[in-house]
Asks: 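My structure is below; once you've seen it, I'll send some questions.
Just so you know, these numbers come straight off a predicted model, no measurement behind them. Read the numbers this way: they start at 1 and go in the same order the structure lists the ligands and their atoms.
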Amino acid sequence: MSQVGTDTAKAAAILSQGGLVAIPTETVYGLAANALDEKAVLRIFEAKQRPFFDPLIVHVPSLEKAHIYADFPDERLKRLAASFWPGPLTLLLPKKPTVPDIVTSGLPQVGIRVPDHALTLSLLQRLNFPLAAPSANPFGYVSPTKAEHVRKQLGAKIDYILDGGPATVGLESTIAGIEDGILCIYRLGGLSLEEIEQVAGPVELRLNISSDPKAPGQLKNHYAPRKTLLLGKTADLMAANAGRKIALIVFGKSAFANKAAHVFQLSENEDLSEAALHLFSSLREADESDADLVIAEPVPEQGLGLAINDRLRRASAR
Ligand code: TXA
Ligand code: MG
């Protein structure tokens with residue numbers, strides 16, 4: 001069983017020797033290894049059972065360090081990095097030869113971000129290499145927002161879990177890049193489109209195409225819980241499944257709360273940021289409960305609501 005703690009010196013020593021450490025970030029927990037050590041990176045794919053065609057995000061402590069690994073060929077990319085790093089934004093950038101091909105699955109671009117978490121920033125500052133880190137969940141399952149989620153699912157395969165408390169954003173980073181001169185969003189996430197557009201102008205969504213090598217992790221049924229999750233109008237779904245034991249995931253207050261065996265309220269005051277924060281742990285707990293199935297209703301399609309609904313749709317896909 002792996003150890004859980006807050007010792008960044010220990011984490012740094014393990015990583016320097018090619019080990020695996022789970023790291024806290026503001027979005028979700030990552031499963032990290034030295035991005036420049038191909039053998040160490042291989043261990044990430046093994047631990048997660050992740051296919052090699054799915055590239056990894058490289059985490060650096062500052063914008064300055066990002067320049068060692070990638071170019072910023074467009075003003076908008078520079079502005080986004082300057083405005084939102086550290087933060088929940090990953091930029092796809094032309095990679096420099098310093099980045100091993102296994103990290104990018106042979107693609108010419110590398111995903112880079114500066115995570116906004118004090119413990120992980122201090123870890124990154126201790127290291128003389130960046131950290132490749134996917135979300136610390138078995139491939140295809142819900143991302144972990146607490147150290148305990150990581151320990152339960154991957155604990156035996158990881159050398160150390162750096163416990164930085166619960167995530168403060170709760171959704172993975174938004175992924176952006178430039179293609180044919182257009183600012184494209186490849187994954188909706190913890191930074192809203194509105195915030196991105198304010199800094200860098202109009203964006204185009206290029207989500208959801210599982211055959212598109214630009215976003216191989218965006219499979220239709222990524223984030224899938226094991227139980228069936230039905231997404232739609234609560235009233236209709238509850239009526240159609242009367243008599244069954246239901247775990248209900250609701251945005252705010254719900255008239256159907258007393259008809260469900262378990263109720264997960266994402267945000268009492270219907271605040272989308274708070275809902276984002278509670279989404280993955282609610283999905284997990286609903287999945288682990290004794291309910292027969294999970295019912296959820298989409299949240300308002302604005303701000304972080306787009307990313308929340310995206311995850312709910314994927315969780316409901318079979
Ligand atoms: O918030 C996050 O981004 C978290 C934390 C740990 O940083 N990480 C995360 O990593 O969500 P992961 O591997 O679970 O999702 C990364 C997504 C995948 O869909 C992957 O295909 C895409 O980013 N990606 C990474 N590098 C890429 C590249 N070079 N080209 C295209 N897509 C890339
Ligand atoms: Mg992931």
Asks: Can you name the atoms of ligand 1, numbered from 1 with element, that are less than 4.0 Å from a heavy atom of H59?
Replies: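 Per the distance check, 5 (C), 6 (C), 7 (O).
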Asks: Report yes if Q109 has an N/O atom closer than 3.5 Å to an N/O atom of ligand 1; otherwise report no.
Replies: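 Looking only at distances, the answer is yes, because the N/O contact criterion of under 3.5 Å is met.
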Asks: As an exercise, identify every atom of ligand 1 less than 4.0 angstrom from a heavy atom of P134.
Replies: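 Per the distance check, 10 (O), 12 (P), 13 (O).
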Asks: Does ligand 1 come near enough to R50 that some N or O of the ligand is less than 3.5 Å from an N or O of the residue?
Replies: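 Right, the criterion is met.
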Asks: Give the intermediate values and the outcome of salt bridge (Lys or Arg N to Asp or Glu O under 4.0 Å) for residues R43 and E46.
Replies: CA-CA 5 Å; R43 288 190 59 201; E46 281 164 16; 5.6 Å; no
Asks: Could you work out, for atom 12 (P) of ligand 1, the closest of A136, S135, P55 by heavy-atom distance?
Replies: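 Shortest heavy-atom distance from atom 12 (P) of ligand 1: S135.
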Asks: Considering R113, E26, R187 one by one, which has a heavy atom nearer to atom 15 (O) of ligand 1 than any of the others?
Replies: R187
Asks: Suppose I only count heavy atoms of S173 and a 4.0 Å limit; which atoms of ligand 1 are within that range?
Replies: 1 (O), 2 (C), 3 (O)
Asks: Would a distance-only check, ignoring hydrogens and angles, find a side-chain to backbone donor-acceptor pair under 3.5 Å from K96 to H67?
Replies: yes
Asks: Between the Mg ion (ligand 2) and S135, is there an N, O or S atom separated by less than 2.8 Å?
Replies: yes
Asks: Hey, is L92 touching ligand 1 through its side chain, its backbone, both or neither, going by heavy atoms under 4.0 Å?
Replies: side chain
Asks: Have a look at L107, T25, V28 and point out the one with the heavy atom closest to atom 30 (N) of ligand 1.
Replies: L107
Asks: Parallel under 30°, tilted from 30 to 60°, perpendicular over 60°: which one fits the rings of F52 and F45?
Replies: tilted
Asks: For the 3.5 Å polar cut-off, considering only N or O atoms, please tell me whether T27 and ligand 1 meet it.
Replies: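 The answer is yes, given that T27 and ligand 1 share an N or O pair closer than 3.5 Å.
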Asks: Which residue in the set L123, I23, L124 passes side-chain contact (heavy atoms from CB on, under 4.5 Å) when paired with P115?
Replies: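 Between P115 and the candidates, side-chain contact (heavy atoms from CB on, under 4.5 Å) is satisfied uniquely by L124.
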Asks: For G30, take its heavy atoms, then give the atoms of ligand 1 lying under 4.0 Å from any of them.
Replies: 6 (C)
Asks: Checking I295 against F256 for the side-chain contact (heavy atoms from CB on, under 4.5 Å) test, could you report, in this order, the C-alpha distance in whole Å, the side-chain angles of both residues, the deciding distance, and whether it holds?
Replies: CA-CA 11 Å; I295 287 177; F256 299 91; over 6 Å; no
Asks: Output yes when a side-chain donor or acceptor of D159 lies under 3.5 Å from a complementary backbone atom of L20, and no otherwise.
Replies: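 Yes: the side chain of D159 pairs with the backbone of L20.
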Asks: Which bit of V110 gets closer than 4.0 Å to ligand 1, counting heavy atoms only: side chain, backbone, both or neither?
Replies: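 Near ligand 1, V110 shows its backbone, while the atoms from C-beta on stay back.
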Asks: Is it true that R187 and E172 make a salt bridge, defined as a side-chain N closer than 4.0 Å to a carboxylate O?
Replies: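 No.
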Asks: Are the side chains of T98 and F129 in touch, meaning some heavy atoms are under 4.5 Å apart?
Replies: no
Asks: What distance separates T174 OG1 from L89 CG, expressed to the nearest 0.5 Å?
Replies: 6.5 Å
Asks: Test your reading of the structure: does D54 have an N or O sitting under 3.5 Å from an N or O of ligand 1?
Replies: yes
